[in-house]
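Heads up: the structure comes next, in structure tokens.
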Amino acid sequence: SVKERPMVVRCYTRTMIRMTQPRVVIAEGAVHLPSWMPVEAQQKALHEIRALADGEAGFYTPILRNGARMRVRMLCCGRHWDAKTYRYDLLRTDVDGLPAPPIPEVLRQLACEAAESAGFSLEPDVLLVNWYGAEGRMGLHQDKDERPEIIASGVPIVSLSIGDAAIFEFGGARRKDPVQRIRLESGDAFVFGGSSRLNHHGIASIVAGTGPTEFGVAGRYNLTFRQY
């Protein structure tokens, strides 16, 4: 185990994102930002993802504590999310013991700006990159493994989509609450915090072959940023 150290990250500079793009309020504290990332920003993000994938601590398939294999491939930055303990660690404790790589600055700034576009503030120190193939799915769940004080204060989750479209499900704080289905396209951002911070959400399906052909990628990359 590695000794914990404070991780203070701030958002100062702007990238190429315009702050006047459309906002679709899905629920109180939940905002869909269609076409939020220009093509150039998506290409820069893909460059960073490919560099991470080619690194020593690249993509892997998480195995849950019940032995089930998740239907995504994952890569964690800043801190590693352990699929067996549902906790964060500085090392890839359930994979290979390697340190989690740092969040690339280009990606961190995108997260800060997406949060701001939705009316929130975020100092991201965790990034989960999920790659969904044509058969990729993720069941309804809550993001509740961050520090209790961060969750209680409503600090948001920021999700960025690159590649194939996905049918995203967004429900309520209770699993049995009604679920909205939202098609997330390449370049979309989705931000949820405040009173929606613990709302259930998941991926029902991937719409294969719908991503920008110029990217030369199959499937969908989903970047989810958190503040631990």
Side-chain angles (χ1 to χ4, degrees), residues 24 26-27 30-34 36-37 42 45-46 49-50 52-53 58-77 80-88 92 94-95 107 111 114 126-146 156-192 196-213 215-226:
V24 181
I26 303 301
V31 181
H32 178 203
L33 302 169
W36 184 79
M37 282 190 293
Q42 294 180 64
L46 274 173
I49 293 169
R50 286 169 174 145
L52 289 166
F59 281 100
Y60 62 96
T61 301
I63 300 176
L64 300 172
R65 51 192 171 196
N66 63 3
R69 297 171 67 88
M70 293 181 66
R71 297 177 70 176
V72 299
R73 289 182 62 77
M74 184 179 288
L75 187 159
C76 303
C77 298
H80 173 76
W81 179 74
D82 187 313
K84 290 187 169 63
T85 64
Y86 291 11
R87 294 179 180 176
Y88 290 106
R92 294 169 29 131
D94 60 331
V95 184
L107 302 183
V126 176
L127 163 61
L128 273 58
V129 183
N130 290 326
W131 179 80
Y132 293 82
E135 301 301 319
R137 305 284 187 276
M138 188 170 291
L140 286 176
H141 64 282
Q142 295 171 299
D143 290 343
K144 57 182 181 181
D145 301 327
E146 294 72 37
I157 302 290
V158 168
S159 168
L160 303 178
S161 298
I162 301 176
D164 286 342
I167 306 303
F168 177 65
E169 296 185 317
F170 193 76
R174 300 176 303 172
R175 190 176 182 85
K176 63 181 180 181
D177 287 341
V179 171
Q180 299 183 63
R181 286 195 163 192
I182 304 148
R183 179 166 167 144
L184 297 181
E185 303 280 358
S186 189
D188 286 8
F190 194 93
V191 182
F192 58 102
S196 287
R197 176 58 178 77
L198 287 178
N199 283 26
H200 286 78
H201 56 283
I203 295 296
S205 62
I206 300 298
V207 188
T210 56
T213 56
F215 290 175
V217 299
R220 172 186 186 246
Y221 289 103
N222 176 225
L223 287 67
T224 63
F225 299 85
R226 301 110 189 279

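The residues of the chain are indexed from 1 along the displayed sequence.
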Donor-acceptor pair, [X] side chain versus [Y] backbone, under 3.5 Å?
X: Asn222; Y: Leu160; value: yes
X: Trp36; Y: Phe190; value: no
X: Ser196; Y: Ala27; value: no

State, yes or no, whether a side-chain contact exists between [X] and [Y] at a heavy-atom distance under 4.5 Å.
X: Leu75; Y: Trp131; result: no
X: Phe225; Y: Val191; result: no
X: Arg226; Y: Tyr88; result: yes
X: Ile157; Y: Arg197; result: yes
X: Ile162; Y: Met37; result: yes
X: Cys76; Y: Tyr60; result: yes

Report the distance from atom [atom1] of [X] to atom [atom2] of [Y], rounding to the nearest 0.5 Å.
X: Arg71; Y: Thr61; atom1: CZ; atom2: OG1; result: 12.5 Å
X: Asp94; Y: Ile63; atom1: CG; atom2: CD1; result: 8.5 Å
X: Tyr221; Y: Arg50; atom1: OH; atom2: CZ; result: 6.5 Å
X: Asn130; Y: Met70; atom1: CG; atom2: CE; result: 6.0 Å
X: Leu127; Y: Leu107; atom1: CG; atom2: CG; result: 6.0 Å

- Message: For Arg87, I'd like to know if atom CZ has over 12 heavy atoms of other residues, nucleotides or ligands within 6.0 Å.
- Response: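 Incorrect, the count does not exceed 12.
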Work out which heavy atom in [X] is nearest to a heavy atom in [Y]; give both atom names and the distance.
X: Leu33; Y: Ala114; result: CD1-O, 3.8 Å
X: Met74; Y: Pro62; result: CB-CG, 3.7 Å
X: Ser161; Y: Leu184; result: OG-CB, 3.9 Å
X: Ala165; Y: Thr210; result: N-OG1, 2.8 Å
X: Leu52; Y: Cys77; result: CD1-SG, 3.7 Å

| Between Phe192 and Phe170, how do the two ring planes meet: parallel, tilted or perpendicular, split at 30° and 60°? |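 The rings of Phe192 and Phe170 stand perpendicular, inter-plane angle above 60°.
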Is the distance from the ring center of His141 to that of Tyr86 below 6.0 Å?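 Between Tyr86 and His141, which both carry aromatic rings, the centre distance is not below 6.0 Å.
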Margin query: Could you walk me through whether Ile203 and Arg220 satisfy the side-chain contact (heavy atoms from CB on, under 4.5 Å) test, starting with their C-alpha distance in whole Å, then the side-chain angles of each, then the deciding distance to 0.1 Å, before giving a yes or no?
Written below: CA-CA 11 Å; Ile203 295 296; Arg220 172 186 186 246; 3.5 Å; yes
inquiry  = Tell me which pairs pass salt bridge (charged side-chain N to carboxylate O under 4.0 Å, His left out) where either residue lies in residues 171-180, with sequence neighbours left out.
reply    =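 Salt bridge (charged side-chain N to carboxylate O under 4.0 Å, His left out) check on residues 171-180 returns Arg174-Asp177.
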| message | Quick check on salt bridge (charged side-chain N to carboxylate O under 4.0 Å, His left out): which of Arg181, Arg137, Arg183 does Glu169 satisfy it with? | response |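 It is Arg181; the other options fail the test.
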* To do: Any chance you could lay out the side-chain contact (heavy atoms from CB on, under 4.5 Å) test for Ser186 and Phe215, step after step, and finish with the verdict?
  => CA-CA 10 Å; Ser186 189; Phe215 290 175; 3.8 Å; yes
*Working for side-chain contact (heavy atoms from CB on, under 4.5 Å), residues Val207 and Asp164*: CA-CA 6 Å; Val207 188; Asp164 286 342; 5.8 Å; no
- Message: Quick one, His201 with Asp143, criterion side-chain contact (heavy atoms from CB on, under 4.5 Å). Give me CA distance, side-chain angles, the key distance, then yes/no.
- Response: CA-CA 9 Å; His201 56 283; Asp143 290 343; 3.3 Å; yes
